[in-house]
Amino acid sequence: MDNKIFQELVHAYHENKLAHAFLLETNDKEKCYQTILHFLKVLNCPKEFQENCITCNLCHLFDTNSLPSLITIYPDGQNIKKEQILELKKAFQTKPVFSKYNMYIIMGAENLNSSSANTMLKFLEEPEEHIIGFFVTNNKENVIDTIKSRCQILLDYYDVDDMSEIPSEYQKIALDYALEVETTHDDALLYNKDILLPIIKDKKCAFWLFKSLLKLYENLYYSSLKISELQEENEKFRFLLKKNSEYFFRKIQLILEILDELNYNLNISLVLDRFVLEEGD
């Protein structure tokens, strides 16, 4: 599996640096869920994991949702209720039989309310070695702080089909723009006005620009985590790798917000200026 988050989790597992709880922000919850399941197969494999293994029954139990030590919780109506978490805690009072870990996946972690989140804190504040959990959300900022602050946060975004519709010249425009912002930040607002606005004439062009920027900063993010190589076309940005991964994480967050805003009738000039003014350090 070539998913970057999957590779990062497997690497942390082999390095014995695996956290007990993860918060995954994603643009596709179902794909993210399948990525987590795939990692959990590796994590719990009694031997050396292989795809389509037929030597044990564990993968079959995962695939058929028949593994007692794996519990997935979805919102019950508008919220994830306290009673759902109490049932989870009760189920995990004993150690797992068929797997190495008791595992839980909270789908729609933004739907945890204060009551259910507080009930969840025992797992997070007093983690047991044989329990691992994943919280999945489409916006980590909507997750209650008591949960968010106790998890390792990962960004798990998937390519969308419309990437193929982006004209190739927008990759160069995006690279030139990012280099301008990263190296001469004080002049970037003038760059927006004098260079970009004559090119980025409508929302479709702005979409192409920011999708290209997203690909760039995703590559920098994964390179900073040392789970992928810096792509050749991005070599001029190698100097940025001295920054920590959180820097690129924030960039990606900003770009995703801008892409979402482009669904509305916004002033393109204001969108470009926001990218410059909120880029931070």
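Of the inter-residue distances, the one linking Leu70 atom CG with Leu40 atom CG reads 6.5 Å to the nearest 0.5 angstrom. Separation of atoms CD1 (Ile73) and CE (Met107) is listed at 12.0 Å; rounding is to 0.5 Å. Separation of atoms NZ (Lys81) and CG (Asn111) is listed at 10.0 Å; rounding is to 0.5 Å.
Each of Ile85 and Ile144 belongs to its own hydrophobic cluster when Ile, Leu, Val, Met, Phe, Trp and Tyr are linked at side-chain heavy-atom distances under 4.5 angstrom. By the criterion of side-chain heavy atoms lying less than 4.5 angstrom apart, applied directly or through intervening Ile, Leu, Val, Met, Phe, Trp or Tyr residues, Leu254 is grouped together with Leu179 in one hydrophobic cluster. Two different hydrophobic clusters hold Ile147 and Leu86 under the rule that ILVMFWY side chains link at heavy-atom gaps under 4.5 Å. Tracing side-chain contacts under 4.5 Å through hydrophobic residues (I, L, V, M, F, W, Y), one reaches Tyr13 starting from Leu225; they form part of the same cluster.
Using a 4.0 Å cut-off between a side-chain N of Lys or Arg and a carboxylate O of Asp or Glu, Glu233 and Lys172 do not qualify as a salt bridge. Salt bridge absent: Glu128 and Lys95 never bring a charged side-chain N and a carboxylate O closer than 4.0 Å. In summary, Lys251 and Glu218 do not engage in a salt bridge, as defined by a charged side-chain N under 4.0 Å from a carboxylate O. Under a 4.0 Å N-O distance rule, the pair Glu110/Lys29 qualifies as a salt bridge.
With sequence neighbours excluded, the residues forming a side-chain hydrogen bond (donor to acceptor under 3.5 Å, both in side chains) with Thr64 are Ser66, listed by chain and number. Checked against ring-ring contact (aromatic ring centres under 6.0 Å, His included), Tyr222 has no partners two or more places apart in sequence or in another chain.
Within 6.0 Å of CD on Glu235 lie more than 12 heavy atoms contributed by other residues, nucleotides or ligands.
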Next item on the list: Show your reasoning for whether side chain to side chain donor-acceptor pair (under 3.5 Å) applies to Thr184 and Asp187.
Entry: CA-CA 6 Å; Thr184 60; Asp187 295 329; 4.8 Å; no
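When only modelled atom types and interatomic distance are considered, Gln253 and Glu257 share no side-chain donor-acceptor pair under 3.5 Å.
The aromatic rings of Phe210 and Phe275 lie perpendicular to each other, with more than 60° between the two planes, well past the 30° mark.
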Only pairs under 3.5 Å count here: list side-chain donor-acceptor contacts from residues 192-200, not counting sequence neighbours, and write none if there are none.
residue	atom	partner	partner atom	Å
Asn192	OD1	Tyr177	OH	2.8
Asn192	ND2	Leu272	O	3.2
Asn192	ND2	Asp273	OD1	2.9

